[in-house]
Amino acid sequence: QVQVVESGGGLVQAGGSLRLSCLVSGSFFSINAVGWYRQAPGKQRELVATITSGGTTNYADSVKGRFTISRENAKNMVYLQMNSLKPEDTAVYYCNGQVALYDPHNYFSYWGQGTQVTVAS
C-alpha cells in the first residue's frame with residue numbers, strides 16, 4: 001500500500017511564501033518522478049512542477065522564478081517552496097508520485113488528497 005500525503009497549505013497574503021511537503025510512504029521499490037499539480041475552482045488540474053529521482057526539475061511558465069521543487073530521497077519527501085505568491089496561485093495543490101512497487105521499470109501513479117492554498121490580495 002502506497003500513500004501520498006501533502007501538507008503545508010494555508011492562507012497567505014499576496015507576496016508571501018508557503019512551503020508544501022509531500023510524503024510518499026508504504027511498501028515499494030523506488031520513487032521515480034514526483035510532481036506538484038494544482039486545480040483552481042472551475043479549472044482543470046495543471047502541472048506546477050516536477051522533479052526526477054536524479055533531481056532534474058521542470059516548471060510551468062507561470063511559476064518559474066517563484067517556486068522551487070526539491071526532494072529528500074532518504075526521507076521520501078518532496079517539497080514545493082512557493083515565494084512571491086499571487087492570488088492566481090490559489091488552488092488545491094496535489095502531489096503525484098510515480099512509484100515502482102516491485103519492478104524498477106514499471107511505475108504506478110499515486111495521488112495525494114490535496115492541500116488548499118489561498119492567496120489573499
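Note that the structure is a prediction, hence the values are computed from the model and not measured.
Remark: side-chain polar atoms of Asp89 are paired, donor with acceptor, to backbone N or O of Lys86 under 3.5 angstrom.
For the pair Val34/Thr50, no side-chain contact is recorded, criterion being any heavy-atom separation below 4.5 Å from C-beta on. Inter-residue side-chain proximity for Val48 and Phe67 is flagged as met; some heavy-atom pair is nearer than 4.5 Å.
In this structure, the separation between OG on Ser109 and CD on Gln98 is 4.5 Å, given to the nearest 0.5 Å. To the nearest 0.5 Å, atoms CZ (Arg45) and CG (Asn96) are separated by 8.5 Å. Within the model, atoms CD of Gln3 and CD of Gln113 stand 9.5 Å from one another, a figure rounded to the nearest 0.5 Å. Considering CE of Met77 and CD1 of Ile31, their distance stands at 10.5 Å, rounded to 0.5 Å. For the atom pair CH2 of Trp36 and CE of Met82, the computed distance is 8.0 Å after rounding to the nearest 0.5 Å.
Between the side chains of Arg38 and Tyr93, at least one donor N or O sits under 3.5 Å from an acceptor N or O. For the residue pair Asn76/Ser25, the side-chain donor-acceptor check at 3.5 Å is not satisfied. In summary, the side chains of Thr90 and Glu88 do not present any donor paired with an acceptor at a separation below 3.5 Å, with no hydrogens or angles considered.
Taking the six-membered ring where the residue is Trp, Trp111 and Tyr94 present perpendicular rings, their angle passing 60° and hence far from 30°.
Residues Val5 and Val92 fall into different hydrophobic clusters, defined by Ile, Leu, Val, Met, Phe, Trp and Tyr side chains chained together at heavy-atom separations under 4.5 Å. Linking ILVMFWY residues whenever their side-chain heavy atoms come closer than 4.5 Å, directly or via other members, leaves Tyr102 and Tyr107 in distinct clusters. Linking ILVMFWY residues whenever their side-chain heavy atoms come closer than 4.5 Å, directly or via other members, leaves Tyr37 and Tyr110 in distinct clusters. Both Val4 and Phe108 belong to a common hydrophobic cluster when Ile, Leu, Val, Met, Phe, Trp and Tyr are linked at side-chain heavy-atom distances under 4.5 angstrom. In the hydrophobic cluster analysis, where Ile, Leu, Val, Met, Phe, Trp and Tyr join through side-chain heavy atoms closer than 4.5 angstrom, Leu101 is grouped together with Val24.
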Check: Would Tyr79 and Glu72 satisfy side chain to side chain donor-acceptor pair (under 3.5 Å), going step by step from the backbone distance to the final call?
Finding: CA-CA 8 Å; Tyr79 308 98; Glu72 284 189 83; 2.5 Å; yes
Margin query: For a side chain to side chain contact (heavy atoms under 4.5 Å, CB included) check, start with the C-alpha distance between Asn58 and Thr52, then their side-chain angles and the critical distance, and finish with the verdict.
Written below: CA-CA 9 Å; Asn58 180 55; Thr52 68; over 6 Å; no
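Thr57 is linked by a side-chain contact (heavy atoms from CB on, under 4.5 Å) to Ile51, Tyr59, Ile69, counting only residues two or more places apart in sequence or in another chain.
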Using a 3.5 Å cut-off and no angle test, enumerate the donor-acceptor pairs between side-chain atoms of residues 7-23 and protein atoms at least two apart in sequence or in another chain.
| unit_1 | atom_1 | unit_2 | atom_2 | d |
| --- | --- | --- | --- | --- |
| Ser17 | OG | Asn83 | OD1 | 2.9 |

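Here the shortest heavy-atom pairing between Leu80 and Ala49 reads CD1-CB, 4.3 Å.
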